[in-house]
Each structure stands twice: as C-alpha cells, then as structure tokens.
Amino acid sequence: MIKITFPDGAVREFEKGIAALDIAKGISSGLAKKLLAAEVNGEVVDLTRPIETDAALNLLSWDDKGGQSTFWHSSAHLMAEAIEALYPGTKFGIGPAIESPKGFYYDIELPEGQKISTEDLPKIEKKMKELASKQNDFVRKEVSKADAVAYFKEKDDQYKLDLLEGLEDGEITFYTQGDFTDLCRGPHIPNTNKIQAIKLLNVAGAYWKGDENNQMMTRIYGVSFPKKDQLAHHLEMLEEAKKRDHRKLGAQLGIFMFSEKVGAGLPIWLPHGTALRTILEDFLKKEQLKQGYTPVITPHVGKKDLYVTSGHYEKYGEDSFQPIETPRENEEFFLKPMNCPHHCEVFAHMPRSFRDLPVRIAEFGTVYRYEQSGELHGLTRVRSFTVDDAHIFCTPDQLKEEFIDVLELIKMVISKLGFKDFTAQVSLRDPANKEKYIGSDENWDKAERMIQEAAAEVGLETVVETGEAAFYGPKLDFMIKDALGRSWQLGTVQVDYNLPERFELEYVGSDGQKHRPVMIHRAPFGSMERFIGVLIEHCAGNFPLWLAPEQVRVLPVAEKFLDYAKEVSKILKINDIRSTVDTRYERIGKLIRDAETQKVPFMLIVGEKEQEAETVNVRQHGKGDLGTISTTEFVEQIHKELQDN
RNA sequence: GCCAGUGUAGCUCAGUUGGCCAGAGCAGCUGAUUUGUAAUCAGCGGGUCGGGGGUUCGAAUCCCUCCACUGGCUCCA
C-alpha cells in the first residue's frame with residue numbers, strides 16, 4: 001500500500017501501482033471525466049501512470065495550467081498524426097504547447113516539393129477532428145536508445161535523430177495514438193476524444209532549434225479546447241485584439257505613419273500622436289523635476305571613440321547602422337544606439353563631490369538601432385525610438401534609496417495610465433557562469449539583494465529570472481498586463497557597474513579620496529513608441545480625457561451657428577481644453593458619427609437654443625446625450641474631471 | 001537576414017483558365033439642401049494595378065528581381 005496526500009491535506013491509502021485516473025474514478029466518475037493529467041510530487045504525469053511510492057497528488061483539469069499544457073501538447077501530436085496521414089513522409093521536429101499565443105505548434109519538414117499554406121489548414125483541421133473521433137488512447141512506452149534510433153532511421157527523420165543524440169538510454173519514451181508514434185517525454189491526456197474543438201491558426205517558418213544557420217522548417221500554429229464554446233470565446237478575443245491593433249488604430253486616429261521613402265521602421269508622428277506624446281512627456285518631465293532630475297539634451301550622433309570606450313562598439317558595432325564618415329578628415333560617427341555614453345560624459349565634465357550625488361541626468365533621447373528587416377513591427381519594434389531615459393550616478397550607499405524612488409516613480413506612472421495589473425521581473429546573473437559578467441562578486445551580490453529588497457519594500461510582486469541579467473548589472477523590468485490580459489515588458493531599471501568603470505567616472509568622497517559612482521539606468525515608459533503602441537491597444541484608442549489629442553469637438557447644427565461654435569471653442573481653448581470645430585456643412589448626424597468614430601471624448605452640439613442661452617449640448621463618446629449646460633459650467637466640469645484624474 | 005503570404009484610387013475591397021477604354025463604396029472637389037444626436041442628394045476629378053526587367057500579338061493576371069507590409073524564426077522530444 002502507498003499513502004496519497006491530496007491538496008487539501010487529506011491522506012488515503014491505495015494499492016501500490018494505482019493510476020491517478022483510478023483514484024479519481026473512485027472519488028466520482030464526473031471528476032474522472034474532466035481530468036487531463038495528474039501532478040505527482042510536483043511533476044505533471046499521465047493520468048494512467050502507475051504511482052509506485054507515497055506521493056502528493058494533484059488532479060489536473062482544464063482549470064489548471066498543467067492540464068491545459070498537457071492538452072495542447074497532445075493536440076500537437078494529433079496534428080502530427082493528421083499531417084502524417086495527409087502528407088506521408090513528413091519529418092517532425094518539435095511540437096510543444098505554448099503560453100503565448102495560447103495553444104501549440106509543430107515544426108515539420110514536408111516531403112520534397114510539397115508545401116503547406118494557410119489554405120491547407122482547414123483540411124488538416126478536418127483530418128484532426130476525424131482522428132480525434134476515433135477515441136484513441138495515448139499509449140506510453142519506454143524504449144531503448146538503440147530501438148528509438150532504429151525507428152527514426154527507418155523513417156529517415158534526422159530531426160528526431162538529432163534530438164535522440166542528446167538523450168540517455170533509459171530515459172527515452174515513445175507515445176502512440178492511433179497510427180502515430182512520436183519520441184516524447186510526455187505527459188499526455190488519456191484519449192484523443194477530449195479534444196473537441198480545434199482551430200489551426202497560421203503557418204510560419206522556423207529554424208531548427210531557432211538557429212538561423214540551421215534548416216528552415218515549417219511551423220504550424222493551432223489552438224484547441226475540450227469544449228466548442230471555449231474555442232468560440234477564444235476566437236472572439238483574437239478578433240478583439242485585431243480590432244485594437246495599434247497599427248490600425250494609429251493610422252485611423254492620425255497618430256503615426258510610416259513612409260517607404262523615409263524608411264522602414266522609422267515612425268513619423270502625426271499631429272494627434274505628437275499631441276499625445278507631448279502630453280505624456282510633459283507629465284513625466286514635471287514629475288522628474290519634482291524628484292530632482294536634471295534634464296539635458298545631447299546630440300543624435302557620437303564619435304566612434306565614444307562607443308569604443310563604452311564597449312558598445314565591440315559588442316554591437318557589426319550589428320548596428322554603419323558609421324557616418326566626414327568627407328575630409330574621415331572621422332567616424334555613429335547614430336547613437338543609447339544615451340548612456342553621452343550622459344557619462346555629462347557627469348564627467350566637471351569634478352563631482354559626494355555632496356553633489358546623486359546626479360540624475362534625464363533626457364527624452366532618440367536612439368537608432370538596426371533591426372533586421374523582418375523583425376520590424378508597428379511601433380513596438382522600430383529602428384528609431386525615443387527613450388524616456390535617465391541615468392542616476394550615486395554612491396554605493398545611496399543605491400537602494402535611489403532604486404526605491406525609481407520604482408515608486410514607475411509604479412505611479414503605470415497606474416496613472418490605467419494599467420492595473422503589473423509585476424516586476426528581476427533578472428539576476430547566472431551563478432554557474434560568473435565570468436560572463438563584469439564587476440566584482442561582492443557588488444553583484446549586494447546589488448541583487450538590494451533589488452529584491454527594494455521591490456519588496458515598495459510592494460511589488462516579483463518573478464526572479466536567474467541568468468537573465470545584462471552583463472553589466474542586474475535589472476528589474478516591469479511586466480504589464482493590458483485590458484486583454486496580454487503581458488508587455490515596459491519600464492526598466494538597471495544597475496550598471498560597467499560604464500562608470502569604462503568612463504573612469506569618479507567623485508571625491510568625504511575622505512578626500514576619489515571613488516567610483518554606481519549608475520542606474522531607468523526608463524518608466526521604456527520607449528515612447530512602444531509604450532504608446534501598448535497604450536493604444538490597452539484603451540482601444542479611447543484615451544482618457546487628459547491624454548486625448550482632441551478633447552472636445554464643437555458641432556454646429558447649421559451653418560448659421562458656426563460663429564457661435566467657434567466662440568465656444570475659443571472659450572475652451574482659453575481654458576486649456578483641446579478643442580476643434582467641425583466647420584463642414586453637413587447634417588448633424590454626420591458630424592456626430594465622424595466624431596464618434598474618431599473617438600473624441602466630448603461633442604458639443606450647438607444650435608439656436610444654445611446660442612440664445614449661451615449653453616452647449618453635451619454628448620459624450622460612447623455614452624450619448626448628457627443634456628444642456630452653460631459653457632462655463634462645461635468648462636468647470638472638464639477641469640474637475642482633469643483634476644480628479 | 002530567412003520561410004510563407006500580401007501589395008489594384010487617400011481608405012476598405014472587387015476584377016486572375018492572359019483579351020474591348022480597370023470597377024465599387026467611403027473620403028476629396030463642385031453644386032443643391034440650412035438640417036437637432038452615428039452616414040442628405042447629384043455631378044466631377046482621381047489609379048506608372050508596389051518599382052524594375054522578361055515571356056506574349058496582347059500582362060493587374062504568367063516568370064525573374066528589388067522594395068514595403070503581414071504571420072513567424074527552440075515557451076526544447
């Protein structure tokens with residue numbers, strides 16, 4: 001007999017070798033039906049795997065992450081089965097479940113001369129459903145390495161053979177469902193009949209093992225669910241995300257554009273986008289002034305030597321825009337890929353005393369980085385962007401306090417912009433590869449501890465990623481969830497021991513000796529481009545009033561009220577409310593419709609009644625008619641709403 | 001960069017077994033309508049069919065090449 005401990009702490013005895021599924025059946029057949037996998041002593045395994053020792057057991061259904069990923073992984077196998085049936089001779093790479101986008105994929109190489117495009121997906125989908133309805137069990141089998149190699153040699157599948165090379169004899173398992181057998185660690189759901197709803201989403205290229213020197217394979221993405229309505233809901237969410245796409249809304253709302261002539265990945269800010277960005281920048285600038293930052297402005301290029309000193313040339317020189325040369329002296333300049341080297345020079349231009357520290361140098365600095373053409377994407381992946389950058393030079397003793405202040409600032413900025421859900425990702429060095437990092441062991445340990453303490457003190461929920469630190473110091477990134485539950489990495493704070501060293505920065509301490517300052521890089525928005533891209537999608541283009549490029553549009557009911565409309569708009573402008581007048585001679589319904597589609601927060605409709613009484617009829621975007629009030633009253637209401645924010 | 005796909009008017013899209021002067025709606029312009037809460041009516045203008053090259057009697061349509069955009073490029077069997 002073995003002892004099984006359930007999540008609620010209950011302990012019961014079962015016969016040795018019993019499967020989780022049988023235990024569940026003993027509890028209730030309804031429960032057993034819902035289950036997808038089991039977690040035995042923290043490891044996700046097949047429901048049918050015999051349990052041989054005392055164990056903690058957690059039964060996994062669709063509501064558990066482990067249940068979902070098992071389900072999707074099994075769906076990948078089902079897809080592979082369908083593909084093998086439709087395209088015999090296909091070779092298979094890997095087929096995992098994935099988190100984002102939700103679902104699974106399989107990397108395949110089709111037989112010579114064949115290819116798959118989006119149009120072929122429904123056919124594969126149909127085959128998958130047909131195979132699922134055969135209600136095949138997923139059967140696990142332990143295989144010797146020799147047998148496994150023989151099997152895939154027979155199939156001439158070099159990818160699986162490549163994978164087998166990295167595996168030890170004795171740890172190799174096969175899973176079979178129907179006519180399809182795959183090298184797989186598992187686990188899997190018990191039977192294909194659980195897979196009730198399937199949608200294959202797209203086809204893409206992917207390098208074997210993600211290395212661009214390797215063979216390019218075809219990757220097919222899909223998603224599946226135990227119930228049909230879950231799939232329908234999922235597809236609705238994807239539709240909603242499409243509607244909110246910042247590339248679409250950005251064009252529609254006159255926020256930004258790209259021009260083939262100007263160049264790919266070089267965003268151009270249109271009037272509405274410029275207004276939005278200026279408001280955000282002004283907001284942060286004001287906050288930073290309060291907190292003792294000193295703004296500077298530095299050039300968009302720097303001499304090669306600057307980047308040789310900073311070390312960026314050695315690391316990124318080949319992969320950045322190539323230098324600009326002066327015609328006679330042949331001096332080389334680089335477009336600046338970051339602002340820190342310039343800011344280090346600002347720090348170094350005069351002797352610094354410990355009394356001056358911390359020095360907080362801030363700049364909305366536009367930087368230029370070469371991205372491969374295929375990696376460009378709207379505003380979120382571009383070749384020129386503006387960082388809301390600042391570099392804090394402080395003594396090691398001041399580091400923690402400065403770090404905390406920065407975290408508070410970023411927290412404030414994020415919540416002010418309507419993001420409710422965010423966590424901090426703390427990236428530490430890989431303790432096994434300490435030589436990869438610059439700076440003393442002692443400093444690293446101190447900084448890593450400091451970051452975690454600081455995050456705890458400001459009440460940030462943190463996730464620690466070991467090995468993700470930059471070579472020059474540990475960092476903390478803000479991971480922000482938008483209205484659709486998607487996660488984005490925005491603000492960032494990084495500790496840097498490297499640049500002060502390379503630029504030989506120093507300050508005079510109270511002891512009269514020279515000391516090296518520590519540097520913090522920080523950017524609450526990250527980049528204006530990326531942040532605004534995410535913001536557009538978060539609020540679906542319906543910006544909060546204080547950010548709306550056009551806050552109020554005055555709509556005259558007929559041409560003869562145009563003068564009154566202009567008068568109203570002028571009063572609003574005098575009162576710092578961004579307002580325009582729609583001067584077109586169109587029906588009021590048309591004017592309203594256009595203002596609504598352009599997501600203008602307030603529309604003021606004016607006609608004879610309003611003109612005579614010096615009032616405005618207020619209509620709010622998405623809400624409709626709010627009634628008539630005096631113009632001054634409206635101004636007060638708007639001011640109040642802006643204040644409360 | 002690589003794989004797959006897309007590129008027709010400012011926008012959304014029709015037109016492909018190669019064949020008369022390439023179409024529609026919206027937007028724009030002109031005129032009429034002077035209007036009360038999500039599209040007034042009529043007329044007009046607008047396209048090197050992404051650029052270049054080729055095949056052909058004939059190319060938006062087929063081939064090559066370049067450009068831009070879209071989905072992706074280890075969340076390990």
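The sequence lines fix the lettering, A, B, ..., with proteins before strands; numbering per chain opens at 1.
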Checklist entry - Below 3.5 Å, does any donor atom in the side chain of A:D211 face an acceptor in the base of B:rU74, or the other way round? => result no
Checklist entry - Distance check: side-chain N/O of A:K590 vs OP1/OP2 of B:rC41, anything under 4.0 Å? => result no
Checklist entry - When all nucleic acid strands are considered with a 4.0 Å heavy-atom cut-off, which category describes A:F258: base, sugar-phosphate, or nothing? => result nothing
Checklist entry - If you look at every strand shown and take non-hydrogen atoms under 4.0 Å, does A:N202 touch a base, only sugar-phosphate, or nothing? => result sugar-phosphate
Checklist entry - Considering only the P atoms, how many Å lie between B:rA9 and B:rU48, rounded to the nearest integer? => result 9 Å
Checklist entry - Checking all strands, does A:I592 fall into the base, sugar-phosphate, or nothing category for heavy-atom contacts under 4.0 angstrom? => result base
Checklist entry - OP1, OP2 of B:rC73 versus side-chain N and O of A:Y221: anything below 4.0 Å? => result yes
Checklist entry - Would you call A:E239 and A:K243 a salt bridge, taking side-chain N to carboxylate O under 4.0 Å as the test? => result no
Next on the checklist: Are there over 12 heavy-atom neighbours, none belonging to A:E461, within less than 6.0 Å of that residue's CD?
Outcome noted: no
Next on the checklist: Please tell me if A:R247 has a side-chain N or O lying less than 4.0 Å from either OP1 or OP2 of B:rU70.
Outcome noted: yes
Next on the checklist: In whole Å, I'd like the distance from the CD atom of A:E610 to the P atom of B:rU37.
Outcome noted: 12 Å
Checklist entry - Hey, does A:G589 reach any base, or is it just sugar-phosphate, or nothing, if we go heavy atoms under 4.0 Å? => result sugar-phosphate
Checklist entry - Closest nucleotide of RNA chain B for A:Q372 versus for A:R584: which of these residues is on the 5' side? => result A:Q372
Next on the checklist: Students often get this wrong, so: under 4.0 angstrom with heavy atoms, is A:P101 touching a base, only sugar-phosphate, or nothing?
Outcome noted: base
Checklist entry - Closer than 4.0 Å, any side-chain N/O of A:H377 to the OP1 or OP2 of B:rG72? => result no
Checklist entry - Say you pick atom C1' in B:rG10 and the same atom in B:rU16; how far apart are they, in whole Å? => result 26 Å
Checklist entry - Applying the ring-ring contact (aromatic ring centres under 6.0 Å, His included) test to A:W72, which of A:Y221, A:W62, A:F104 qualifies? => result A:W62
Checklist outcome for this item: RNA chain B in dot-bracket form (Watson-Crick or G-U pairs under 3.5 Å, [ ] crossing, | inter-strand) is (((((((..((((.....[...)))).(((((.......))))).....(((((..]....))))))))))))....
Next on the checklist: So A:E165, base contact, sugar-phosphate only, or nothing? Heavy-atom distance under 4.0 Å.
Outcome noted: nothing
Next on the checklist: How many whole angstroms separate atom CD of A:E559 from atom P of B:rA32?
Outcome noted: 11 Å
Item to check | Whole-angstrom distance between B:rU12 and B:rU65, as gauged at atom C1' | outcome: 30 Å
Item to check | Minimum-distance nucleotide (side-chain atoms of A:Y106 versus B:rG71, B:rU37, B:rA77) | outcome: B:rA77
Item to check | Distance in angstrom units between A:I98 CD1 and B:rC73 P, rounded | outcome: 8 Å
Next on the checklist: Below 30° counts as parallel, above 60° as perpendicular, anything between as tilted: where do the rings of A:F478 and A:F422 land?
Outcome noted: tilted
Checklist entry - Can you tell if the side chain of A:Q158 reaches within under 4.5 Å of the side chain of A:K91, non-hydrogen atoms only? => result yes
Next on the checklist: For a quick check of understanding: with a heavy-atom distance under 4.0 Å over all strands, which category does A:K160 fall into, base, sugar-phosphate or nothing?
Outcome noted: sugar-phosphate
Next on the checklist: Please check: side-chain N/O of A:T173 versus main-chain N/O of A:C184, any donor-acceptor pairing under 3.5 Å?
Outcome noted: yes
Checklist entry - More than 12 non-hydrogen atoms from neighbouring residues, nucleotides or ligands closer than 6.0 Å to CD on A:E608, yes or no? => result no
Item to check | Ion pair A:D482/A:R244, N-O distance below 4.0 Å | outcome: no
Checklist entry - Do A:Q322 side-chain atoms and A:S320 backbone N/O form a donor-acceptor pair below 3.5 Å? => result yes
Checklist entry - Out of A:Y159, A:Y106, A:F152, A:Y105, which one pairs with A:F92 under the ring-ring contact (aromatic ring centres under 6.0 Å, His included) rule? => result A:Y106
Item to check | Pairwise P distance, B:rG72 and B:rA22 [rounded to whole Å] | outcome: 38 Å
Item to check | Mutual orientation of the aromatic rings belonging to A:Y313 and A:F334 [parallel < 30°, tilted 30-60°, perpendicular > 60°] | outcome: perpendicular
Next on the checklist: Which is more 5' along RNA chain B, the nucleotide nearest A:L376 or the one nearest A:L163? Just name the residue.
Outcome noted: A:L376
Item to check | Nearest-Å distance for atom pair CZ/C1', residues A:F104 and B:rU74 | outcome: 18 Å
Checklist entry - Taking the same atom, C1', in B:rC21 and in B:rC63, what whole-Å distance lies between them? => result 28 Å
Checklist entry - Out of B:rU40, B:rU37, B:rG36, which nucleotide sits closest to the side chain of A:N617? => result B:rU37
Item to check | d(OH, A:Y159; C1', B:rC73) in whole Å | outcome: 14 Å
Checklist entry - Among residues 177-189 of chain A, which contact RNA chain B at a heavy-atom distance under 4.0 Å? => result A:L183, A:C184, A:R185
Checklist entry - Atom CG of A:L591 and atom C1' of B:rG36: how far apart are they, to the nearest Å? => result 11 Å
Checklist entry - Can you check the A:I605 CD1 to B:rA38 P distance for me, whole Å? => result 9 Å
Next on the checklist: Output the rounded distance in Å from CE (A:M603) to P (B:rU37).
Outcome noted: 14 Å
Any N/O pairs under 3.5 Å between the protein and nucleotides 2-9 of chain B? List them or say none.
unit_1	atom_1	unit_2	atom_2	d
B:rC2	O4'	A:Y207	OH	3.1
B:rC2	O2'	A:Y207	OH	3.4
B:rC2	N1	A:Y207	OH	3.4
B:rC2	O2	A:Y207	OH	3.2
B:rC3	O2	A:G205	N	3.1
B:rG5	OP1	A:K115	NZ	3.3

Checklist entry - So among A:E610, A:R553, A:R619, which one has a side chain to side chain contact (heavy atoms under 4.5 Å, CB included) with A:I605? => result A:R619
Next on the checklist: Counting neighbours of CD on A:E43 that are heavy atoms of other residues, nucleotides or ligands and sit closer than 6.0 Å, is the number greater than 12?
Outcome noted: no
Item to check | Side-chain touch A:M479/A:K481, heavy atoms, less than 4.5 angstrom | outcome: no
